[in-house]
Amino acid sequence: MHHNTSEIAALQERLASVERSAAEKERQLERYAADLRETFKKERARRDELRRSYMATVRALCNAVEARDAYTGKHAERVAAYGMEIARVLEAPFADDPEVEFGFLLHDVGKVAVPDAILWKPEPLTPEERALMERHPLVGWEILREIDFLGEAKLVVRHHHERWDGGGYPDGLRGDDIPLAARVFAVADVLDALTTVRPYRPPSPLADARAMIDDACGTHFDPDVIAAFRAIPAAPLDEIRVGMD
Ligand SMILES: [Fe+2]
């Protein structure tokens, strides 16, 4: 094949022009990528800020409840920490879902509707008083109902006193019908109740509390959740209890 000089020059010119436009395209792509990275960073910062303000809202609500109850103190924060620890070991789908943690923190928000005389009554409650007290999961659910970002948290609030055997309240749900997050929460709640001081009894040592929770496996508690709970060593649980005293 024979090319004359002008054909070669034309080919070289075309090649150079293709290379120039390829380089231009590459620069353009790099600019797009930089823009995307910038947008992504901004979105993430916005999301973090939103999360912080959600968290502040949830804490404010939570403090409003706890401020009334001298005995429980940091109960909600400890229970949330125990609950998330169990969720991690259980590899629950919500193990790093802030929504569910909000539900753990807010579980007793409905107690704002329980009169002081009942909330703080040292003697056993009458059936009428107990009925009023046992409305708190439904009242809490009603309070939070319109808050979209709480999603699954609302289910924890509504169902945190259900029992695996169906003997709980308010809906008497049984087994898997109880949302998993509420089943996890139930164990965390009882663990904290047993290991902290009450006006009528001293706190139980962790080992005793564990034995009592074990005894309620399959009646009060989901056996799978109990299996996960058993797998947690004492150290992280002690750390949560002592760390938030
Ligand atoms: Fe409760």
Side-chain angles (χ1 to χ4, degrees), residues 58-84 86-87 99-122 124-145 147 150 152-174 177-201 203-204 209 212-213 216 219-222 225 229 240-241 244:
V58 169
R59 286 209 184 282
L61 266 170
C62 186
N63 289 341
V65 182
E66 299 219 320
R68 283 181 69 211
D69 193 341
Y71 303 125
T72 56
K74 297 249 172 187
H75 167 71
E77 274 174 48
R78 282 192 307 265
V79 166
Y82 290 140
M84 294 315 276
I86 298 170
E99 242 178 42
V100 167
E101 195 175 355
F102 290 161
F104 291 172
L105 286 166
L106 290 172
H107 64 283
D108 272 345
V109 73
K111 283 192 179 169
V112 293
V114 179
D116 288 359
I118 298 176
L119 197 64
W120 289 331
K121 192 177 171 186
L125 301 180
T126 68
E128 296 76 36
E129 289 167 339
R130 172 157 338 149
L132 202 71
M133 183 70 138
E134 292 189 352
R135 285 186 53 224
H136 79 270
L138 270 182
V139 172
W141 185 73
E142 288 288 345
I143 289 173
L144 305 177
R145 182 184 196 137
I147 307 179
L150 286 176
E152 218 179 316
K154 289 181 268 192
L155 293 178
V156 175
V157 174
R158 179 167 180 141
H159 296 298
H160 74 277
H161 285 293
E162 305 284 0
R163 288 171 51 113
W164 181 251
D165 61 10
Y169 60 93
D171 298 305
L173 297 186
R174 182 194 299 265
D177 288 344
I178 307 164
L180 179 60
R183 281 180 263 149
V184 166
F185 178 85
V187 175
D189 197 21
V190 171
L191 174 67
D192 189 59
L194 291 172
T195 53
T196 50
V197 68
R198 286 294 185 274
Y200 42 89
R201 58 149 179 78
S204 300
M212 285 185 260
I213 289 170
T219 51
H220 191 156
F221 304 121
D222 174 352
V225 175
F229 177 58
I240 291 168
R241 194 186 68 245
M244 293 186 194

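Just so you know, ligand 1 is whichever comes first in the structure, and atom 1 is the first atom listed for that ligand. The first residue of the sequence shown is numbered 1, and numbering continues consecutively from there. The figures that follow rest on heavy atoms only: side chains count, while hydrogens, waters and symmetry mates do not.
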Counting only protein N, O or S atoms and ignoring waters, those under 2.8 Å from the Fe ion (ligand 1) are Asp108 OD1, His136 NE2, His160 NE2, His161 NE2
Do Asp108 and His136 pass the side chain to side chain donor-acceptor pair (under 3.5 Å) test, and can you show the C-alpha distance, the side-chain angles, and the key distance before you say yes or no?
CA-CA 7 Å; Asp108 272 345; His136 79 270; 2.9 Å; yes
Leu132 versus Glu129: any side-chain heavy-atom pair under 4.5 Å?
no
Any luck finding a side-chain donor-acceptor pair between His161 and Asp189 under 3.5 Å?
no
Short N-O contact, Arg135 and Glu142, less than 4.0 angstrom
no
Counting C-beta onward and ignoring hydrogens, is there a side-chain heavy-atom pair between Lys121 and Leu125 closer than 4.5 Å?
yes
Which of parallel (below 30°), tilted (30 to 60°) and perpendicular (above 60°) describes His75 and His107?
perpendicular
